[in-house]
Amino acid sequence: VALRATAEYTGFVPDLQRRTLMNVVVVLATAVPALTMLGGYILIFVPQGGGGGGGAILAGDINGNPVSLAGWMKTHKDNDRELVQ
């Protein structure tokens, strides 16, 4: 069996318009999931806006009045570890 190497291709070769269309389809098909994943990753670093039910609650005394640092220092010693509820 003798093998011959020929440089001529006789199959179907798409024209430039079809190749451009295929390239656009490939880019769009890979860009949609890639941008979705990238957007989800970026949104991790964006702080949440206002709204929602949770939030900080100020420390209060037994009556629920806010506790200030100056008021706390008047009635407690330095480095006092008593908790405020």
Side-chain angles (χ1 to χ4, degrees):
V1 174
L3 296 176
R4 288 186 288 162
T6 59
E8 185 177 339
Y9 179 70
T10 59
F12 174 73
V13 177
D15 59 350
L16 185 60
Q17 289 177 340
R18 186 169 294 184
R19 290 173 59 188
T20 304
L21 178 65
M22 288 189 300
N23 286 338
V24 168
V25 168
V26 167
V27 167
L28 290 177
T30 55
V32 170
L35 290 176
T36 302
M37 290 187 293
L38 182 64
Y41 180 75
I42 290 173
L43 285 177
I44 291 174
F45 299 105
V46 176
Q48 290 184 350
I57 299 174
L58 295 177
D61 61 4
I62 196 165
N63 298 324
N65 299 324
V67 176
S68 66
L69 178 62
W72 176 264
M73 295 306 291
K74 286 180 188 176
T75 58
H76 295 83
K77 298 176 184 175
D78 194 22
N79 288 331
D80 196 0
R81 304 283 183 192
E82 188 176 341
L83 297 177
V84 176
Q85 291 188 8

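What you see below is based on every heavy atom in this structure, not just the backbone, and it leaves out hydrogens, waters and symmetry mates.
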Closest non-hydrogen contact found for Gly71 with Ser68 is N-OG, 3.1 Å
Identify the heavy atoms of Pro14 and Met22 that sit nearest to each other, and give their distance. CG-CE, 4.0 Å
Arg18 side, atom CZ; Leu21 side, atom CG - distance, nearest 0.5 Å: 8.5 Å
Quiz: residues 30-44 side-chain donor-acceptor pairs under 3.5 angstrom, not counting sequence neighbours:
{"from": "Thr30", "atom 1": "OG1", "to": "Val26", "atom 2": "O", "distance (Å)": "3.0"}
{"from": "Thr30", "atom 1": "OG1", "to": "Val27", "atom 2": "O", "distance (Å)": "3.1"}
{"from": "Thr36", "atom 1": "OG1", "to": "Val32", "atom 2": "O", "distance (Å)": "2.7"}

Members sharing Leu28's hydrophobic cluster (side chains within less than 4.5 Å): Val24
Run the ring-ring contact (aromatic ring centres under 6.0 Å, His included) test against Phe12 and tell me which residues pass, sequence neighbours left out. none
